[in-house]
Amino acid sequence: MAERTNRDKKIPLHTGIIMDGNGRWALSRGMPRALGHKAGMEALEKTVDNAHSLGIRYLSLYAFSTENWKRVPVEIEALMGLFRLYLKNKIEKLHSRGARIRFVGKLEAFAPDILEGVRYAEEYTGGNTEIDIIICVNYGGRQEIVDAVNRLMVDPPGGPVTEELLRSRLYAPDIPDPDLLIRTGGEFRMSNFWLWEGAYSEYYFTDTYWPDFGMKELERALESYAGRERRYGAA
Ligand code: IPE
Ligand code: IPE
Ligand code: MG
């Protein structure tokens, strides 16, 4: 991997990305939406390398939301096919780069062979410490909070529910809250991403469709982040 740079700059420890715009990228080229998702997967691969070389320690990527099941079956199938391809072909490379990969979301919705691939990838890369890659699939921030509440109901704390307690029942409580959330594709919304964890995240929006998102754009986002003052409500 490339030498890490920008050590002197303020780098977000955890950067999250809402990878939006695959469909429009494809349609603008007269291609089917599925090819946009394929190009999006390649952008994801490059972004992992770019994020690592810029010194990002945790990178979370919103790949499939709890609401994305509303899409037509042929598109869902294409996305599941890419998920399988990713698990089959991309894990070795991630491992060789020292990346630990984790999948976050309501995973039980996926087919058994996908779940098997997920388990294998997480175990195989579990000891790596260069960068954590968190792929959010069948993830929804509201669902995550509802699941946390249900976990508390099954195993009641015997006292009041605090923020710390609820947080401890979220999907991945050990991952630090995102410092920077990037959304590509020109929309200005969260679409149910990191609702709890993103309470004090900084946002960066770009019109660039996800498949066109590269190093320059990531650097621009980090530059914007480095220039901000985070106050967390203090004066
Ligand atoms: C993001 O791209 C990928 C997923 C939501 C799976 P879209 O498929 O939402 O692309 P647009 O927004 O329709 O262009
Ligand atoms: C957000 O994109 C979800 C992912 C990128 C996985 P969507 O395309 O689903 O969001 P909306 O529908 O425009 O809000
Ligand atoms: Mg979209």
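Since we're looking at a predicted model, the values are computed, not measured. One-based numbering, in listed order, for ligands and for the atoms of each.
Heavy atoms of C136 found under 4.0 angstrom from ligand 2: none, in either backbone or side chain. Using a 4.0 Å cut-off between heavy atoms, K70 makes no contact with ligand 2 at all. The part of F64 lying near ligand 2 is the backbone, judged by heavy-atom distances below 4.0 Å. With a heavy-atom cut-off of 4.0 Å, L27 does not touch ligand 1 at all. Counting heavy atoms closer than 4.0 Å to ligand 2, residue R71 contributes side-chain atoms (C-beta onward) but none from N, CA, C or O.
If you check which protein heavy atom lies closest to atom 10 (O) of ligand 1, you get G23 N, 2.9 Å. Regarding atom 6 (C) of ligand 1, its nearest protein heavy-atom neighbour is A63 O, 3.3 Å. For atom 11 (P) of ligand 1, the nearest non-hydrogen atom of the protein is R24 NE, 3.5 Å.
Taking every heavy atom of R33 and a limit of under 4.0 angstrom, the matching atoms of ligand 1 come to 7 (P), 8 (O), 10 (O), 13 (O).
Within the 4.5 Å cutoff, the side chain of R57 has heavy atoms near those of the D132 side chain.
Within the 4.0 Å heavy-atom cutoff, G21 counts among the residues contacting ligand 1.
The list of side-chain hydrogen bond (donor to acceptor under 3.5 Å, both in side chains) pairs with a residue in residues 159-172, not counting sequence neighbours, reads D147-Y171, R167-D177.
For the pair S191 and ligand 2, the shortest N or O to N or O distance falls below 3.5 Å. When only interatomic distances are considered, the shortest N/O to N/O separation between N22 and ligand 1 falls below 3.5 Å.
Salt-bridge formation is detected for the pair K38/E42: a Lys NZ or Arg NE/NH1/NH2 atom is positioned less than 4.0 Å from an Asp or Glu carboxylate oxygen. Salt bridge annotation for R231-E229: present, with a cationic side-chain nitrogen under 4.0 angstrom from a carboxylate oxygen. The residues E130 and R97 are annotated as not salt-bridged, no charged nitrogen and carboxylate oxygen being separated by less than 4.0 angstrom.
Taking the six-membered ring for Trp and the full ring otherwise, the centers of Y62 and W194 sit at least 6.0 Å from each other.
The nearest N/O/S atom of D20 to the Mg ion (ligand 3) is OD1.
Atom 8 (O) of ligand 2 is approached by the protein to below 4.0 angstrom, counting heavy atoms only.
When each of V48, L44, N128 is tested with I133 by the rule side-chain contact (heavy atoms from CB on, under 4.5 Å), just one qualifies, namely V48.
Ring geometry for F110 versus F64: interplanar angle over 60°, hence perpendicular rather than tilted (30 to 60°).
Among M19, E187, R189, the residue whose heavy atom lies closest to atom 13 (O) of ligand 2 is R189.
Nearest heavy-atom pair, G214 versus N50, reported as atom, atom and distance to 0.1 Å: C-ND2, 4.1 Å.
Checked by atom type, the side-chain pair D179/H14 shows no donor-acceptor distance below 3.5 Å.
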